[in-house]
Structure formats: C-alpha cells, structure tokens
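Data first, discussion second: the structure below is written as structure tokens.
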Amino acid sequence: MPDTPVARTALAHLERVARAGPLPAAGSAAVLLGERRPRGQFTLRGDSGDEGFVPAVRRACGLIVPTAPNTVTNAADGTRLLWLGPDEWLLAVPERAAAGVGEALRTAQAGVHMAVVDTTDARTVLLLAGPRARDVLAKGCPLDVHPRAFAVDHCAQTLLARAHVLLHRIHDLPEDAGPAFELYVHRSFADYLWHWLEDAAGEYGFAIVADTDGA
Amino acid sequence: MPSHRLADGTGIDRARPLAFTFNGRAYQGFAGDTLASALLANGVHLVGRSFKYHRPRGIYSAGVEEPNALVQLETGAATQPNLPATTLELYDGLSATSVNCWPSVDWDVSSALQWAAPLLPAGFYYKTFIWSQPLWMRAEAMIRRAAGLGTAPTGPDPDTYDHRHAHCDVLVIGAGPAGLAAALAAGETGARVVLVEQQPVLGGNLLIDGGRVDGLDAAAWISRTVDALAALPEVTLLRRTTAYAYYDHNYIGLLQRRPGAINADGTPAARERLWRVRARRVVIATGAIERPIAFAENDRPGVMLAAAVRKYVRRYGVAPGRRPVLFTNNDDAYRTALALAEAGVAVAAVVDVRPSVGSALCETVRGQGIEVVTGSAVVRAEAGKGGVRAVSVMALDGSGAPHGAARRIACDLVAVSGGWNPAIHLFSQSGGKAVFDDAQGCFVPGPPVQAERRAGAVCARFGLTDCLADGTAVGLAAASDCGFAIPNARSAPTATEAPDAPLQPYWIVPPPAGARGGQYKTRFLDLHNDVTVADVALAAREGYEASEHAKRYTTLGMGTDQGKTGNIHGLAVLAELRGTTIPDVGTTTFRPPYTPVTLGAYAGRNVGGLFDTVRRTPMHPWHEQADARFEDVGQWKRPWYFPKPGESLRQAVDRECLAARTAVGILDASTLGKIELIGPDVPELLNRLYTNAWNKLAIGRCRYGLMCTDDGMVFDDGVTARLGEQHYWMSTTSGNAARVLGWIEEWLQTEWPSLRVYANSVTETWATASISGPAARTLLARLTHLDLTAEAFPHMSWRGGRVAGVPARVFRVSFTGELSYEINVPARYGLHLWTTLLAQGADLGITPFGTETMHVLRAEKGYIIAGQETDGSVTPIDLGMDWIVSKKKDFLGRRSLRRPDTVRADRKQLVGLLTQDPGHVLPEGGQIVEAWPAPLPATMLGHVTSSYHSANLGRSIALALVKGGRDRMGQTVCAGSVDQAAPAVITALPFLDPEGARLHA
C-alpha cells in the first residue's frame, strides 16, 4: 500500500512561505504576509427567512447566521461565519473541529431546504497585515478599506489584482502594529496572488510569517 | 552664449547645479528648473520644428499648455517622446533632443515645406482621399514621413509603473489659492480629503505673484497652509499629480509622477502611479490658462505667453529676453512688465488694444518709465536669426482693425496676453456644458452634472480675494455635503489687492486695410498642429463651419496639447465668418486625458509574470519538475505534453497516445469544472438545462449531457452524476466552468426562482487524476478496496471510497474511449494521489499525458470539444448528436432547433476526414472546397475543426464541419489553405472502436 498521505497547502511549494518564522516584533515590518494554517470551510446556502435554516446552522456550529451584508460573526474558538450573499455564507472552523462540524451540519439540515458543501480545499487563507497593509490592498482592490468604511469583522467578496478574494478584516495586530486582513483565495489563484502581494508590498518592505494562532 | 539668469528666482536652488545636454550640447541649470527654464537661462529659444511646415519654434509657455517645446527625453529603451520641456523637471545628467527635425533643429531639410504651404491646405489629408488612388498612396507615405513628432522606444521599458485605488470625501483638484483654501476648509471638518497638484510645489499663481494673505507674505501663508494640511491625518497631498480624467460617478483618474522614488530595499520604485479615485465630492480648482492674440508670424521663437514670461522671471530667475515688448488686451500683462522691470530688464513697450487704461497697475507701469501704447496692436513680428527682432505696431480703429502707419519697435521677445481661459476640461469631461462669460470673453462651467463644486479662476474669478473666498466656501460646502459638521466661525483667508481694469475681448489682429494677404497668412492659432486663421476660414468656406467639423478638417486642437491655448480663437474665427457669437458656435468636446498619460502607467504592474492570472492545479509542482510543456486553457496552465529528453512534440504525443491504449496513461483533469447541485428540483433543472432527460438517473450513476443556449447552439457538455437523493455533481469543460455556473444562477434567479436548487462550484475543492487504458483497473485496484469489477462498477457510474489512503469520488467515465477512472480527492491530497498513482503504476507502464494526447485520443473516438468543434453556430443535430436530443420535453434552445435555418439540409455537419496521403496532417481551421486548385473565389464547404496524427491508427485523422456532410460519405473534397489544399475523403465517426468494447471493458 502507498505511503502515508501528505496534505499540502496551496503555497507549500514556496519554501519561504512554508518555512516562515513567527510574528516579528511589533513595528519591525511595514507589511506582514503569510499563509494561514488550513481551516475547515463549508459553503452554506439557505434562506435566512426560513424558520428552519438559522436554528439548524446554530445547532451545528453555535453561531447566528449574519444577515447584515458583509459582516462576520465569530465564536471564541476561532469559528467564523462570513456573509457572502443574501443566501450564501462561508463557515470557517479550526481544522481539529472540522470533521465534527461537518457531521453536525449534515445532521442539522435534515428537513430544511439548504445546502452544505464542504469547500475546505477550495480556498486557502492568506494574511495581509501591518501598518501599510491598506496601501498594499489599495494597489489592487477597488473597495474602500478605510477604517471608517471597513470595520473589524467586515468582509467582502472583491477583486485583488486579477484574483477573486473574500476579504475579512480581523482584529488588529497586537501592540497597535496595524490592521490585519485575511484573504480567502481559490487555491489555483494562490500562487499568482502571492507573487502579486510580494510585488505590491515590496515598496514598503514585508516579512513573511507563520500562522501562530487560529490553530 | 551669455547667461540669461537673473539675480532672484524663488523656485530654484542655486546651491545645487545640474548638468544636462540638449541636442548634444552641454548646459547647466539648477534644481527646481524645468528643462525649458534651464534652456532659456542658457539663451536657447529655438527648440523644435513645427509638425507640418517644419517652421522653427521656441518655448512658448511655462506649463502643460506648451504647443512647441516638445522633446525626446533620453535614448534607447528608456526614451520618452514628446514631453513638454515646460513641465519636465531638470535632473542631473538629463539628455534631451528636439523632435521632428532632421538633420538638426537649426538646419532642417523639411523646412522647405513651409514654402510649400499653399500645397498643404486645411483638409489636405482628406482631399488626398478623393484624388486618384495612386496619388493618395504616395501622398500618405510622404505625409507620414514628414509629419509627426518624437519616436517611440523599441525595447522593453526598463521602468516600473503602478496603480492605486483611493476613496475620499472631497477631492480637490488644483492647489492654487482656491484649492488650498478648499482643502484646508474641508480637511479641518474631519473629512477625508485628497488634494492634487500637477506641479511639484503647491501654491499656484501665488508662488509667482506674491502678495499678502492673512497678514502673511504669500510664501509664508502657503507654507503655513501646507503644514496645516500635512498635520491632518485624513488629508492626502499629492504633488506632481495630474487629474487627467473625470469619468462618471465621480471616478477620477490621476497620474502621479514619482521621480527618484525607491522601494524599501533601495531599488527604483514605480516611476509613475495611476490613481483611480472615487470621490463623494469633487472640487475643481484647476485655474486658468493664458491665451494669446494671433498676429502674423506669431509662431516665431521669442513670442511667448506673458504670464509664462513672468513665471520664468520670478520662479526660475530667467529673463527670456533682454528687450521685451508686451502685447495685451488686459491688465495681467502689466504684472509681467513690472516683473521684468524689477529684474532689471528694459521693457520696450506695452502695446494694449484697449483705447485707454486707468488701473493702478497700468499707472505703476507708466511710473516705471515704460511706454504704454494704447488702442494699438502688434500686427506682425519680424523674424530675426533664431527669433524675433522687432514688431510692427499699428493703431486700431473702432472695429478693431489696424490702420494708419506702422511703427517698428525693436525687441527680442514678444510677451502676449489675450486673457485667460478657465481650465474647464475636467468639468466638461464630467458631462457639464460650458457657458460663455461675456465680460471675460471665456467659457466657464455651467450647472454641475455630477457631485462637483468649483472654485476660483476656473469660474473666471481671477482675483486672489475671490479665489480664497470661493475655496473656503466650496471646501466647507463639499464637506457638509458629506455630512461633516461645519464650524460656526470659519472665515476665508483675506488678501488685499487693487482691482484690474476690464479686459477687452480681442482674438486675432486682422490684416491692415489694403495689405497684401500673403503677408498675413502666418497668423497661427494652433502652433502644435500648424493651423492658421486662413486654414479655419478655408474650412468654414468649404462647409466645415461647425466647431467639431472644423476641428477635424483642420486638426485644430488635435495635437498632444489638445489646443489649450488656441482653440477658442478658432471658434472666434468661425463666429465672425458665420456672423454669430462664440457661444453660438460652441466648444468642441473635451475628452480625457487632460494631459498625455504614458502607456506604462496604464499597464501598471500587469506586466511580465503578473500580466495575467496563472491558475495552477495541485499537481503543478510535479509537472514543472517533469519538464512538462504547458498550454494555456483559459487562465489555467495545463500540461500540453511531457517530452522525454530529445523528444519532439510529435514523438512525445505518439508515445503518450500508444501508452494510453496499450498500458495506462494518466492525465491531470483537475481543471474540469465541477458544480454541486443540491435540492429537490435538481432533476427538473437538469431537464431544462440539458437536451436529454434526467428523471430516471439512479444514485451512483452518471449521464452525459449537452447544453444549448436559447438560440439552440451547443454551449457546453459534460457528465453529471447523482451523488445522493437530492445531490448531484455536474462537470463542465475547463474553460466554461464559471460561465456554466453563472448560466445556472441566472436562470435560477431570474426565470425559475421556484426551483429549489442550490448550485455551488467545487472545481477548486477536488483534484482530479484520470487514468485511462487497459491497465487502469489493475492500477486502481492497488490503491483502493472498492469493487472494480465491470458488474459492480460499470461504465457511467461512480463510487465513493478511499483511494491512496484519502477520501475519493471515483467516476468511471471516459473521454479517451478507454477504460477510465476519474479519481477526485480533496485538493490538498492532489499531489499525493498523483505521485502515488505514478509509483504504483510504474511496472504497468504508466505514462503521464497532456492535453494534446487527450485531444488526439478523443478525436479517434469522434468526441467533440465544446469550443473546438463548436463555435456558437453549431446545433446538436449538426454534430450528429440527435440521439441526445429529447423529443418529449422542453429544454433551453429546443424551440430554436425547429427554426427554418436550423433544419436546413445543407447545414455544416460534423464528419470525419481522412486525407489520401495518410502522412499529411491537415491544418486546423483549414477551409474545405470541392477541388483544388480552383478559380478564386472558391465556394467554401466548411472547415477542419480538429486534426492530428494518430499513432494508434498509423495515419492522420481530422474532424470537420462540412455542408451536408452526412450525405457525402465516401466523397473526396480538398482541405487546407489557398497555398496548399489536399484531397481527403469524408468518413463516418468514430475512427476507432465503434462498438465501444474498450470503454466497457
């Protein structure tokens, strides 16, 4: 029989990403880039006005489906529910919880017209953070990400350069070290987007960091 | 050559000398100089030759309106053509040359053309069209050689460029007194403000004319204001930045020049950056551009705009002449006279068309002992070596016509002012209609069309007090529009100034009564494109009297300067000839860009490796290591073939094709579109989307389907499997994945909202390896416990299980005609699956193959590729696929299949083609004719859609669409191109295994 299966992230072929170190001291880099640790991802489709749908999702993952456009609800363990459209959400859960949540979703949807699709492998998540993170975004993203327009836990599906991304502003870096964004990008675009980010961030200088939270 | 540098000059740093060359000669200037100011300081007036007649031309202005002084900057790949020397900031080592002259600017061979001017009338180019054709061909070649400006670089641009999006509450365009006041007033409310200024310094005309604002010296007030703006966290100051376009929805294009910018690592950063700004409110504070008065020989080097002369004196400490004459119809030229006098330059005279002038300014000039000649005009300039040496001045009668004796005044500079044209370009681009201000004789912005306000000289409010008051009021109003609270006690900065005497509109000096017309032919309106008063008059006489027609007929205003100085004079000529007014004639449309934008800036970073997205499959690293050749399929990079060392494409593909039919081949099929359809109404949705019926598909089974657009033409095809009770898996062609998902969503959302179906793309979720060939089952059996017997797992079914230790969905479907399994695993395991299959299949002769082999194998079976055999004009019936078109149910495109045109017997139908010479491979796209050679034009019967050498068949094969082809089996046609067409026999499909024995093995 074959070798033990090896799972590879979308950017595993880039040594500098795969072997990146932890977060450097605050203020030491204008921009931080990195690939986040894999997380379980489920695309949820349903009608938030349907009395069965919202409770079903809540039973499975503990979160209320956000109905305000472009917002995110969070749980303490890092589980996130991101609004993608009027009938579409992305549920992201820590990898260790993914199998359980997937099973719970399948159970919860019985009798409800909704769709649960495991899209764990469809997207990888990149980190873009630091004092100049917004400047990097501005080079390729037509959205207004000024703090007045795009608060913490806002999300949006948009373009960054020529790649579709789901942009989520997570909590700021510690010690006032700047805003932080997660970019959910389809796996096949990840290499292109990574090179674009390095090119765009080069003006300010950047450090590549490993994912030290959200495990 | 004596220096023309003066003692003062607020804009240059004499401690930082800069060396530069122009036309090969070495000169020196200072930091803060433009190339134009540095050339004038060195006594260089003659900088170029004109576009059409190759007349000598000099520096005319001190800004973006420059029509003459266009230079070629640097050489080689970094060269830039047609840059105005008047906006080109000097740097150490700069090297520039004149454009449009050969062999040199001083002695230009083509200048003989000016004597041929009568042969090159307005509309010359169009007139050549109606002359005989051979003459036109010759004329065009001649025009193209002689006309034109600089030369484009031929090598790749060594510089980089960048893009940036920006959003703000208030975008203020222009940082003169009005713009500065507006930005500060808006910024202090807390609004997000962007202030852009095309020059390197903020302050506009305040920098030149000085004065006192809020009790401070102008320079001190500017510096205090700029400091205050810089201290506001939500205010962005952009110097060297031109707002070049005003699009719909307050979307503004900016071009930022960034000389010397570097990256964090010290390497050169983007030289220019294109900004795309979305502003809630725009404040247009773009000021005004001085215009001339046209007189004979007004294009000579040494004829300049008066305010430009003042700028050279005050900012750059340069005297463009030693004995200037000023010619004006307004007070502003008097400021230039004073500036010259203050700098110690002896002003010969001020010639003013106004009969009397009583302003304080005029009296001050007279008080300096400068002669003021009122009620008179400069009728012509007298050319001297490389410039002017005198002007002829005549008195004007009541109608403005010169009469009486001419007086000659010796001079080396004619500084002319005909008033000011507000820079309404951006307002016009915003969709607004300009209105005419009779008092100032200029167009000003009419009512706003977009969320825009304007302040200062752009509204023909030229006084400093007005500019500051406008700016403050408009800045506050714009912030208020955006919901920001306005402080109660916010007043505008104050200034003191004496009022100017009114301007007297005056455009063109008519020839004196009884003068020979020829002497007055050289009254130029558009110096850039060599358009004269006579040209516009001729256009009007020939019927092109509308402003847009006259513009195109004469090319007035069509140069790179877009006629910023002379367009309005053309309107004045048309108005006079038509006996009407300038506003009645109306302006031509202003279009972006306001000033030229480099192509590099438009491209930004979308160059080289970032030119377009490259999509990679999870197996991509292996393909790269295996030295695969790649093919672009949409944005995907797919392995095309895997050559062994020394193999050609043909050799590699032959080897791969044989392996897939005799052993086992493996294809990376991860790019196939995959859509999960969930809900109780999926079968009904599939019935409507596909041409065949889907009610009876059992769980675990797969079915092939063909999709048409509503016009009945084949759009996509693929296999759909039933995963569960209400759960389906649809596959699409690689290039159509997003389009099919969008197609489904469109129908679900707009036409069939009652269908309870959710469609979700899972293309990226699964990596797919397709193994194909007689040994495929043996190989797969080594990696899974699934029962692979033909009974338990027949063709067109799927099973879920584990393969190579990971969860998998295995589909027994085939695009090659062989026993095939499409193995889908979560994408993170794609590379693991691929390498495991290769390792486990080594003894079975496993052979990776690419898209080329896939194409050959499916063509042997006669399988179509949507987009190759189809092109949006091919129905399922044309493809001979009536077996898949249901007669019992409705589906998208069904009604169109009964149109008279789609049931014609002579439609192009899909057939096989076998060349008589089995070694000859027809060109894809080749045309099909009855016989060849044949007289042209030959009747086209169709075309070759796919064509390959088939190693398995030992000969070439082709698929083709041929008119009525299915009734022509066995007949010979010819296929190829005009150069070579080969005989081929029309045959039925497939070429191989018609019984499908291999498929069902």
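Below, chains carry the letters A, B, ... as their sequence lines are ordered, and counting in each starts from 1.
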Heavy-atom check, side chain of [X] versus side chain of [Y], under 4.5 Å:
| X | Y | answer |
| --- | --- | --- |
| A:D121 | B:Y829 | no |
| A:V117 | B:V762 | yes |
| B:I678 | A:R45 | no |
| B:R828 | A:T120 | yes |

Requested in this report: State whether the side chain of B:H167 and the backbone N or O of A:P142 hold a donor-acceptor pair below 3.5 Å, judged by distance alone.
Outcome: yes
Could you tell me which portion of [X] (side chain, backbone, both or neither) has an atom closer than 4.5 angstrom to a non-hydrogen atom of chain A?
| X | value |
| --- | --- |
| B:D612 | both |
| B:A738 | neither |
| B:Y251 | neither |
| B:V825 | neither |
| B:R273 | side chain |
| B:T617 | neither |
| B:R756 | both |
| B:W636 | side chain |
| B:E624 | neither |
| B:E234 | side chain |

Query raised in the report: Quick one: do B:R258 and A:E203 make a salt bridge, cutoff under 4.0 Å?
Result: yes
Query - Ion pair check, B:R280 and A:D144, cut-off under 4.0 Å - result: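 So B:R280 does not pair with A:D144 through a salt bridge.
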Query - Toward chain B, the part of A:R123 with a non-hydrogen atom under 4.5 Å - result: neither
